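Reviewing the structure listed below.
Note that the coordinates shown come from a computational prediction; the quantities given were computed from them, not determined experimentally.
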Amino acid sequence: MMKIYCSILLLFISFSCKQDSQKEIPNRTLVKNVHIVDVEQGTILENRHILVGAEKILEITDVLPSGEFSTVIDGEGAYIVPGLTEMHAHIPSPPTSEKRIEETLFLYLSGGITTIRGMLGHPYHLELRENVRKGSVLGPRIFTSSPSLNGNTVQTPEEAMEKVGQYASEGYDFLKIHPGIQRGVFDALVSAARQAGIPFAGHVPVEVGIRHALESGYATIDHVDGYLEGLVPEDTAVNPEENGFFGFNFTPLADTSRIKDLVALTRKQQVWVVPTQTLFERWFAPTDADSLLAQPEMKYMTPATLANWKRIKEEQLRDPSWDPEQWVLFDHIRLRLILELARNGHGLLLGSDAPQLFNVPGFSLHREMAAMEGSGLSPAEILRMGTLAPAQFFGAEAEWGSITVGKAADFFLVEANPLEDLSALREMKGLMLKGKWLSRDLMDEKLAEIADNAAKENN
């Protein structure tokens, strides 16, 4: 009996050892020796270690965890920042090749952007959104607008209601408003959107006007569209259709004492604003095209795109209605509006309108941050605009937007403290996307490939 017992014991020990030797290391990543940027408080949590698994942050501790890890990343005193959100992005669509579309998504990632809001939707984007969610395509989390609703696509109330119902049923996240919609058509669109439960965002059509737009409940007003026109006193009796580029022609008529009331209405109606100031400081500013084209990130765009940007820019500078001195006042008013909307409105969200004129995906959002600093906002305020505030906007504050246990493992590492200098965000050491680590070497290799492919592109 003793012999049988010993044999069974030896067999059990042998089996247990065999099982232990074959046991897989848990699929967990340890990111150690880092400082966490707390975007909610605007402070730094020093000397932390982060445990990541199942695409989420499992633990944050100041004591180095023990155990086995599938991957260990030594931050060596780097700063961890939550993934950024580009709230005014553009995603290419067919006939652009799938390869170029996926390269565009990677460009966003290269700037630490882990969420994008596509502002000109296409049926292809619905499929792309799902493929990114499943992980079959590498890219940032996608929210996509409907195709454009504008003065040509919706000309009657009936047409507006039909399009709203169609886009809501097809699964777009929100409706994109462009210029040209007549007020009666717009009101029908708003009514249908409320009934369908789908938000709307974008431009403010001239006939609608900023005050009616705010009262109608936009989710976001982008480009600070309509605000400058809203500063023009009614007794000037100008033709609203002669406003020019985002109200530029009305700049001398703007009464800045009216800013306070417009901002208060924005706050009351809980409308977010996406400034896209970098678009104005690059496309519409008195800067020559060649100096912009000489910037390093331009190598990721095709020659045809760059040539088109140069043509548009030079046509704008030659336009007799464009006055560089008036632009200075125009820009000053915009920056005042931006600061007031950030401090006393409902809030601002970061967006740069990439890839539009001289705004390259992944790079332009950092130029937007610099523009926000130029308005008087602090690095902490600007970081919240690109991390926690978008999560709040989407009702996803419990899921992403900060470095918090239980939230998505979407973050990146930088060498220096961005609360002291936002330009530190441009020097990324690596990106964690849904719990998967993209090293600096891997990202550089992919960026070199994108630049090479762009240079060879003929259209």
(request) Flag the pair Phe246 / Phe284 as yes when their ring centroid distance falls below 6.0 Å, and as no otherwise. (result)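 That pair fails the under 6.0 Å test.
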(message) In this structure, is the centre-to-centre distance between the rings of Phe174 and Phe200 below 6.0 Å?
(response)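 Ring centroids of Phe200 and Phe174 are no less than 6.0 Å from each other.
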(request) Under the side-chain contact (heavy atoms from CB on, under 4.5 Å) rule, what do Trp400 and Lys56 come out as? Steps first, then yes or no, please. (result) CA-CA 9 Å; Trp400 48 273; Lys56 296 191 179 296; over 6 Å; no
Hey, what do you get for [atom1] ([X]) to [atom2] ([Y]), rounding to the nearest 0.5 Å?
{"X": "His88", "Y": "Ser145", "atom1": "NE2", "atom2": "OG", "result": "9.0 Å"}
{"X": "Asp74", "Y": "Leu30", "atom1": "CG", "atom2": "CG", "result": "9.0 Å"}
{"X": "Arg129", "Y": "Ile116", "atom1": "CZ", "atom2": "CD1", "result": "12.0 Å"}

Any side-chain heavy-atom pair of [X] and [Y] under 4.5 Å:
{"X": "Ile177", "Y": "Tyr218", "value": "yes"}
{"X": "Leu433", "Y": "Leu138", "value": "yes"}
{"X": "Glu381", "Y": "Leu348", "value": "no"}
{"X": "Leu51", "Y": "Ile57", "value": "no"}
{"X": "Leu109", "Y": "Leu431", "value": "yes"}
{"X": "Val34", "Y": "Tyr79", "value": "no"}
{"X": "Pro355", "Y": "His90", "value": "yes"}
{"X": "Met369", "Y": "Met372", "value": "no"}

(request) From the options Thr71, Ile60, Val72, Ile73, select the one residue that forms a side chain to side chain contact (heavy atoms under 4.5 Å, CB included) with Val31. (result)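 It is Ile73; the other options fail the test.
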Looking only at non-hydrogen atoms, find the nearest pair between [X] and [Y] and report the distance.
{"X": "Thr29", "Y": "Gly435", "answer": "OG1-O, 4.5 Å"}
{"X": "Thr144", "Y": "Gly121", "answer": "OG1-CA, 3.8 Å"}
{"X": "Ile44", "Y": "Val37", "answer": "CD1-CG2, 3.8 Å"}
{"X": "Ala371", "Y": "Thr278", "answer": "CB-N, 4.5 Å"}
{"X": "Ala370", "Y": "Arg426", "answer": "CB-NH2, 4.3 Å"}
{"X": "Ser148", "Y": "His178", "answer": "OG-ND1, 2.7 Å"}

In terms of side-chain heavy atoms, does [X] have a donor or acceptor partner in [Y] at a distance below 3.5 Å?
{"X": "Ser439", "Y": "Asp441", "answer": "no"}
{"X": "Asn33", "Y": "Glu76", "answer": "no"}
{"X": "Glu170", "Y": "Gln166", "answer": "yes"}
{"X": "His203", "Y": "Asp222", "answer": "no"}

Around atom [atom1] of [X], are there more than 12 heavy atoms from other residues, nucleotides or ligands closer than 6.0 Å?
{"X": "Glu427", "atom1": "CD", "result": "no"}
{"X": "Gln295", "atom1": "CD", "result": "yes"}
{"X": "Glu315", "atom1": "CD", "result": "yes"}

(message) Among Trp283, Phe330, Trp322, exactly one meets ring pair (Phe, Tyr, Trp, His ring centres under 6.0 Å) together with Phe245. Which residue is that?
(response)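 Result for ring pair (Phe, Tyr, Trp, His ring centres under 6.0 Å) with Phe245: Trp283.
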Check: [Y] main-chain N/O paired with [X] side-chain donor or acceptor under 3.5 Å:
{"X": "Ser216", "Y": "His212", "value": "yes"}
{"X": "Asp353", "Y": "Thr276", "value": "no"}
{"X": "Thr85", "Y": "Met87", "value": "no"}
{"X": "Ser364", "Y": "Pro361", "value": "no"}
{"X": "Arg28", "Y": "Glu68", "value": "yes"}
{"X": "His35", "Y": "Asn47", "value": "yes"}
{"X": "Thr104", "Y": "Arg100", "value": "yes"}
{"X": "Lys32", "Y": "His49", "value": "no"}
{"X": "His125", "Y": "Tyr172", "value": "no"}
{"X": "Lys313", "Y": "Arg282", "value": "yes"}

(request) I would like to know whether Leu383 and Val81 meet side-chain contact (heavy atoms from CB on, under 4.5 Å); could you show each step before the answer? (result) CA-CA 9 Å; Leu383 268 176; Val81 185; 4.1 Å; yes
(message) Among Glu373, Glu297, Glu281, exactly one meets salt bridge (charged side-chain N to carboxylate O under 4.0 Å, His left out) together with Arg367. Which residue is that?
(response)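 Only one of Glu373, Glu297, Glu281 forms a salt bridge (charged side-chain N to carboxylate O under 4.0 Å, His left out) with Arg367, namely Glu297.
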(request) Inspect the contact between Glu449 and Lys446 and indicate whether a charged nitrogen and a carboxylate oxygen are less than 4.0 angstrom apart. (result)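 Salt bridge flag = yes for Glu449 with Lys446.
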(message) Between Asp173 and Arg117 (salt bridge meaning N to carboxylate O under 4.0 Å), is one present in this structure?
(response)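 No, no charged N to carboxylate O under 4.0 Å.
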Return a table of donor-acceptor pairs under 3.5 angstrom between the side chains of residues 405-418 and protein atoms on other chains or two or more places apart.
{"residue": "Lys407", "atom": "NZ", "partner": "Glu397", "partner atom": "O", "Å": "2.8"}
{"residue": "Lys407", "atom": "NZ", "partner": "Ser402", "partner atom": "OG", "Å": "2.7"}
{"residue": "Asp410", "atom": "OD1", "partner": "Lys434", "partner atom": "N", "Å": "2.7"}
{"residue": "Asp410", "atom": "OD2", "partner": "Arg141", "partner atom": "NH2", "Å": "3.0"}
{"residue": "Asn417", "atom": "OD1", "partner": "Leu419", "partner atom": "N", "Å": "2.9"}

(request) Apply the test side chain to side chain donor-acceptor pair (under 3.5 Å) to residues Asp288 and Ser291: give CA-CA distance (whole Å), side-chain angles for both, the deciding distance (0.1 Å), then the verdict. (result) CA-CA 6 Å; Asp288 68 279; Ser291 67; 3.3 Å; yes
(request) Dump the intermediate steps for side chain to side chain donor-acceptor pair (under 3.5 Å) on Gln277 and Asp331, then the final yes or no. (result) CA-CA 9 Å; Gln277 177 67 6; Asp331 188 54; 2.7 Å; yes
(request) Go through Leu335 and Leu337 one step at a time and tell me if the side-chain contact (heavy atoms from CB on, under 4.5 Å) criterion holds. (result) CA-CA 5 Å; Leu335 291 174; Leu337 279 163; over 6 Å; no
(message) Test side-chain contact (heavy atoms from CB on, under 4.5 Å) on Leu293 and Lys310; report intermediate values, then the result.
(response) CA-CA 8 Å; Leu293 292 173; Lys310 178 180 173 73; 3.9 Å; yes
(request) Any chance you could lay out the side chain to side chain donor-acceptor pair (under 3.5 Å) test for Thr266 and Tyr227, step after step, and finish with the verdict? (result) CA-CA 10 Å; Thr266 306; Tyr227 278 85; 2.8 Å; yes
(request) Take Glu86 and Thr115, measure what side chain to side chain donor-acceptor pair (under 3.5 Å) needs, and give me the verdict at the end. (result) CA-CA 6 Å; Glu86 164 65 90; Thr115 302; over 6 Å; no
(message) Cation-pi check for Phe280 against Arg334: NZ or CZ below 6.0 Å from the six-membered ring centre and within 45 degrees of the axis, yes or no?
(response)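 Arg334 over Phe280 ring: yes.
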